[in-house]
Amino acid sequence: MQFFSGSSLTSVAPESSPAPAAPPGTGTGSNAQVIYVFNRNGVCLLYREWHRPLRTLARNQDQKLMFGLLFSLRSFTAKIDPTSTEHANLGAPLLPGQGCSFHSFKTNTYKLNYMESPSGIKLILLTHPRTGDQRDALKHIYSLYVEYVVKNPLYAPGSPIKCDLFNKHLDQYVKTLI
């Protein structure tokens with residue numbers, strides 16, 4: 001597992017173009033497998049698959065397990081944080097930005113890339129295990145989320161994301177990932 005201390009999020013200012021500028025990518029997009037977007041309450045706002053060879057669970061069970069994994073890893077990393085003098089009880093809820101944070105971990109079959117926004121939105125991108133650091137990709141996906149979902153007057157916060165423009169730009173961007 002790879003753990004990184006600290007959590008930082010740089011704000012991405014919208015540009016004059018309809019879509020925020022993407023970080024450079026040169027791949028075919030076959031490395032991105034699945035994306036999850038959760039709100040701070042654990043509600044899955046978005047679940048998209050691009051390449052998932054095997055489904056072993058129902059979608060609802062899969063989403064609950066993923067959020068449980070994130071909750072446990074955040075709690076665990078905060079508990080063993082060597083820079084903090086105050087260690088909350090294991091499993092105690094943390095506010096966004098509190099405690100030690102992780103950005104990714106890797107198994108022999110996938111790499112989980114994770115980012116949490118200051119508002120508590122959690123982005124999880126599953127990729128091929130040999131894929132490099134995806135923090136810039138997650139920040140770009142978050143900027144797409146802000147541009148096409150949050151700024152959409154028809155979107156009700158906390159409801160599943162059903163914005164065609166967001167989905168279109170997300171699919172286009174994922175195809176460029178290395």
Side-chain angles (χ1 to χ4, degrees), residues 1-12 32-52 54-81 84 86-107 109-127 134-135 137-164 166-167 169-171 173-174:
M1 286 189 183
Q2 298 174 346
F3 291 98
F4 302 95
S5 64
S7 173
S8 65
L9 175 67
T10 57
S11 62
V12 178
Q33 299 170 356
V34 179
I35 190 167
Y36 299 83
V37 177
F38 290 100
N39 69 7
R40 71 174 67 185
N41 299 322
V43 175
C44 187
L45 304 177
L46 178 72
Y47 173 84
R48 296 243 346 176
E49 290 182 9
W50 291 281
H51 174 69
R52 189 169 192 175
L54 179 64
R55 280 187 215 102
T56 57
L57 297 171
R59 182 177 287 187
N60 193 24
Q61 290 175 321
D62 186 36
Q63 293 167 359
K64 286 179 184 178
L65 282 173
M66 181 58 68
F67 187 79
L69 172 68
L70 292 174
F71 183 84
S72 299
L73 280 173
R74 282 196 70 231
S75 176
F76 177 72
T77 56
K79 185 72 175 170
I80 65 169
D81 182 5
S84 175
E86 294 182 23
H87 294 288
N89 292 331
L90 197 58
L94 298 171
L95 296 174
Q98 270 187 332
C100 184
S101 181
F102 73 97
H103 299 284
S104 67
F105 75 83
K106 179 170 51 171
T107 70
T109 58
Y110 68 91
K111 180 177 178 182
L112 184 143
N113 303 278
Y114 172 74
M115 184 191 93
E116 183 172 1
S117 75
S119 63
I121 296 295
K122 296 161 185 59
L123 298 164
I124 301 97
L125 183 65
L126 298 181
T127 60
Q134 295 295 307
R135 282 184 266 181
L138 288 170
K139 287 176 185 176
H140 180 71
I141 292 170
Y142 181 71
S143 71
L144 291 174
Y145 167 78
V146 169
E147 187 67 30
Y148 295 109
V149 178
V150 174
K151 292 181 180 179
N152 184 347
L154 300 176
Y155 177 71
S159 63
I161 299 170
K162 295 183 179 176
C163 177
D164 292 335
F166 173 74
N167 291 333
H169 286 285
L170 178 64
D171 289 341
Y173 178 65
V174 165

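We number each residue from 1, following the sequence as shown.
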* Asked: What distance separates Y110 OH from Q33 CD, expressed to the nearest 0.5 Å?
  -> 10.0 Å
* **Close side-chain approach of D62 and Y47, heavy atoms under 4.5 Å** => yes
* **Contact check, side chains of I35 and W50, non-hydrogen atoms, under 4.5 Å** => yes
* To do: Would you give the length of the straight line joining atom CD of E147 to atom CG of N152, rounded to the nearest 0.5 angstrom?
  => 10.5 Å
* Please work out whether the ring planes of F38 and Y36 are parallel, tilted or perpendicular, with thresholds of 30° and 60°. => parallel
* Over 60° means perpendicular and under 30° means parallel, so classify the ring planes of H169 and Y148, tilted if in between. => parallel
* Closest non-hydrogen atom pair between Y155 and P160, with its separation -> CE1-O, 3.9 Å
* Can you name the nearest heavy-atom pair linking V43 to G158, along with the distance? -> CG1-O, 4.1 Å
* Look only at the side chain of R40 and the backbone of S119, and say whether a donor-acceptor pair between them is shorter than 3.5 Å. => yes
* Regarding H140 and Y173, is there a side-chain donor-to-acceptor distance under 3.5 Å anywhere? -> no
* **Shortest non-hydrogen contact between Q134 and L125, atoms and distance** => OE1-CD2, 4.2 Å
* With sequence neighbours excluded, what pairs up with R48 under the side-chain hydrogen bond (donor to acceptor under 3.5 Å, both in side chains) test? -> N167, D171
* Under 4.5 Å between any side-chain heavy atoms of E116 and R74, yes or no? -> yes
* Asked: When rounded to the nearest 0.5 angstrom, what distance separates CZ in F105 from OG1 in T77?
  -> 12.0 Å
* At their closest point, which heavy atom of S104 faces which heavy atom of N113, and how far apart are they? -> CB-OD1, 4.0 Å
* If the plane angle is over 60° it's perpendicular, under 30° parallel, otherwise tilted; pick one for F166 and Y145. => perpendicular
* Indicate the atoms forming the closest heavy-atom contact of L123 with L138, along with that distance. => CD1-O, 3.5 Å
* Asked: When rounded to the nearest 0.5 angstrom, what is the spacing between CD1 in I124 and SG in C44?
  -> 8.0 Å
* Asked: Of all heavy-atom pairs between F67 and N41, which one has the smallest distance, and what is that distance?
  -> CZ-C, 4.4 Å
* Roughly how far, to the nearest 0.5 Å, is the CG atom of N39 from the CG atom of L45? -> 4.5 Å
* Roughly how far apart are M66 CE and K122 NZ, rounded to 0.5 Å? -> 13.5 Å
* Check for a donor-acceptor pair, side chain of K151 on one end and backbone N or O of V149 on the other, with a separation under 3.5 Å. => no
